[in-house]
Amino acid sequence: MLESVHTETQSLSAPSPTDLQSRLQITQFASDPSSTASQPGLDVIQGLSKTPKTLPAKYFYDDQGSQLFEQICELPEYYPTRTETAILQAYAAEIATITGPSELVELGSGSSTKTRLLLDAYVDMGLASWYCPIDVSGGILKQSAIHLLKDYPTLNIHGYVGTYEAALAALSPSQLPTRMICFLGSTLGNLNPQECEHFFAELTQALQPGEYLLLGVDLQKSVQQLEAAYNDSQGVTAAFNLNMLHHLNQLFQGDFQVNHFHHQSFYNLDKHQIEMHLVSQTAQKVNLAALDLTVEFEPAETIRTEISRKFDLETLKQQLRSVSQTGAQASGGGEIAAHKELTPLRTWTDANQWFGLVLCQCQEKAQVVQED
Ligand code: AVJ
């Protein structure tokens, strides 16, 4: 459960602080991403105790990591961000037309750059705008919220600092007639198929019938292009990967010697996923004092820090439909119940089919009476 939840009003040194303040609310779930879990760092202990070793990708994103990710998005080799941006540029108005006045809830909002395209569309159509960014990195969330409030005089923001699970479960009722949960940038790719299914069920739970889900997903393409995007020539991705060890040192009083690890990433063709690893350069021992954990590494042993799955739109749409059906059955319990499902309404891609947007609507499913 959550350890501490509090809502604070930001004190701002902006031109008209009172105005900005009155349009901004931040709800914070404890102070770091790990402490919303039932036991802080349990996932680190579990991941480093098994073979092969893994670490959750969420630990990339301290403030430094979020900044490095912003730099990745600008790299010539990293096509996803600019491709998704181009798709949004072309179709945001169409999305706004479909949803009407809609509160935007964004999972993993980061710098909120792409969100501006959606906000612009709603504003251009004279629709009210409410934005609920959710991010584990409080620094970047607050900073971008303040920039947005300055640039959009009619915008209201309620931000949530914490994990998706915690924030989704705690969302206030929508301030506008409908709500759209946006999960852009192909962050969905960080989840394995099983986690993905569970996550879709959680999203269905968080949405009311009629509300929307907008998914941005990276699509399958040549190995060469994929591997270049995760092994950039300037080494920014390497720095991003290695920064996770700095972050863990800070969170858990660790003594990872970051320069004794190497960045590695490759495309796993069978699983349609990029894998990022940190490779131990020597035999070494690492201690994380706050977790009471000592980990031994053999030379060349790796920690898998991320999977980034690449999707096929048809398969994904099928998954979306079937997942919601499974969820409905599980909550049936033999009674008449209002079931919800995620129905894909529209998909958009770029001319090269590198990246896709899927707009789904949460719909009430025909009620089912189970016979004895
Ligand atoms: C933010 C998870 C979508 O998988 O492409 C970028 C993170 N990792 N370069 C991705 C990332 C390495 C990114 N996601």
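Owing to the predicted nature of the structure, the values given are computational and were not obtained by experimental measurement. Both ligands and their constituent atoms are indexed starting at 1 by order of listing. Numbering of residues begins at 1 and proceeds along the displayed sequence.
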Does [X] come within less than 4.0 Å of [Y], counting only side-chain N to carboxylate O?
X	Y	answer
Arg321	Glu341	no
Arg82	Glu74	no
Glu84	Lys114	yes
Asp218	Arg309	no

Aromatic rings Phe240 and Phe69: how do their planes relate, parallel, tilted or perpendicular, breaks at 30° and 60°? tilted
Please identify which atoms of ligand 1 are closer than 4.0 Å to at least one heavy atom of [X].
X	value
Tyr78	5 (O), 6 (C), 9 (N), 10 (C), 13 (C)
Met276	8 (N), 12 (C)
Phe69	1 (C), 6 (C), 7 (C), 13 (C)
Asn190	2 (C)
Gly185	3 (C)
Ser308	4 (O), 5 (O), 10 (C)

When you compare ligand 1 with [X], is there at least one nitrogen or oxygen pair between them that comes in under 3.5 angstrom?
X	value
Thr237	no
Ser186	no
Thr187	no

How far is atom 11 (C) of ligand 1 from its nearest protein heavy atom, and which residue and atom is that? Glu306 OE1, 3.6 Å
Heavy-atom contact check, 4.0 Å cutoff: does [X] meet ligand 1?
X	answer
Pro80	no
Tyr61	yes
Gly189	no
Phe60	no

Can you list the residues that meet the salt bridge (charged side-chain N to carboxylate O under 4.0 Å, His left out) rule with Arg116, with sequence neighbours excluded? Asp151
The remaining residues in the hydrophobic cluster of Trp130, counting side-chain heavy-atom contacts under 4.5 Å among Ile, Leu, Val, Met, Phe, Trp and Tyr, are Leu176
With Tyr61 as reference, evaluate Asn243, Ile140, Val136 under the side chain to side chain contact (heavy atoms under 4.5 Å, CB included) test and give the passing residue. Val136
Above 12 or not: heavy atoms from other molecules or residues under 6.0 Å from NE2 of His147? no
